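Everything below concerns the one structure shown next.
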Amino acid sequence: MPVSAKTATKLREAMARLLAGEPLHTDGALTEENLAREAHVSHATVHRADDILAEWNIKVARPVLRTPGEVTRDEAIAQLRKQLPEAKAAITQLNGRLDALATVTANLDHENQALKKHDSGRRLAPLPSAD
């Protein structure tokens with residue numbers, strides 16, 4: 001189903017503004033989504049306008065460049081993704097140590113309780129001092 005003449009005009013005007021670097025309603029990135037936003041139509045409408053979309057794809061045959069903020073964000077994400085496996089390994093190791101310490105503590109407590117129960121009838125004498 002092709003688009004109406006009015007919609008085609010809106011899309012062509014939006015395309016001209018975006019390609020000229022003079023957007024009114026978007027950040028100016030040369031994307032189909034921005035073409036739709038600039039023309040105040042849905043993304044589906046852009047895809048129904050086959051001839052206009054083909055013209056757009058010819059004129060915007062270069063990769064979409066990222067803004068400096070997007071580049072910085074993507075680099076930070078990549079760095080964090082590299083650090084993630086190392087952090088997970090450290091957490092796993094520390095959890096293992098924590099489990100081992102909990103087991104040792106529970107065993108010592110159990111032994112301590114058993115010794116107290118066993119020696120409850122005895123009188124304890126202080127150890128002689130080393131003096």
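All values below were derived from every heavy atom in this structure, side-chain atoms included, with hydrogens, water molecules and symmetry-related copies excluded. It should be emphasised that the depicted structure is a prediction, and the values quoted were computed from it without experimental measurement. When a residue number appears, it is its place in the shown sequence, counting from 1.
Using a 3.5 Å distance cut-off with no hydrogens or angles, the side chains of Thr45 and Arg48 do pair a donor with an acceptor.
Inter-residue side-chain proximity for Glu55 and Asp51 is flagged as unmet; no heavy-atom pair is nearer than 4.5 Å. Between Leu30 and Trp56, the closest side-chain pair of non-hydrogen atoms falls below 4.5 Å.
In terms of hydrophobic clustering, with Ile, Leu, Val, Met, Phe, Trp and Tyr side chains grouped at heavy-atom distances under 4.5 Å, Leu18 and Leu24 are assigned to different clusters.
Chaining together hydrophobic side chains whose heavy atoms lie under 4.5 Å apart places Leu108 alongside Val104.
Heavy-atom neighbours of Glu86 CD from other residues, nucleotides or ligands within 6.0 Å: at or below the threshold of 12.
For residues 14-27, the side-chain hydrogen bond (donor to acceptor under 3.5 Å, both in side chains) pairs, not counting sequence neighbours, are Arg17-Glu38, His25-His40, Thr26-Glu38, Asp27-Asn34. Among residues at least two apart or in separate chains, there is no salt bridge (Lys or Arg N to Asp or Glu O under 4.0 Å) pair with a member in residues 88-107.
Between the CD atom in Gln93 and the CG atom in Leu98 there is a gap of 12.5 Å [rounded to 0.5 Å]. Rounded to the nearest 0.5 angstrom, Ser42 OG and Glu33 CD are separated by 9.0 Å. Here the straight-line distance linking atom CG of Leu84 with atom CD1 of Ile77 works out to 12.5 Å at 0.5 Å rounding. A distance of 8.0 Å separates NZ in Lys10 from OG in Ser4, rounded to the nearest 0.5 Å. Atom CG of Asn107 and atom CG of Asn112 lie 12.5 Å apart (nearest 0.5 Å). Between the CE atom of Met15 and the CD1 atom of Ile52 there is a distance of 6.0 Å, given to the nearest 0.5 Å.
Salt bridge Arg81/Asp74: absent, no basic N to carboxylate O contact under 4.0 Å.
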Run Leu35 and Val41 through side-chain contact (heavy atoms from CB on, under 4.5 Å) and show every step you take. CA-CA 9 Å; Leu35 177 61; Val41 298; over 6 Å; no
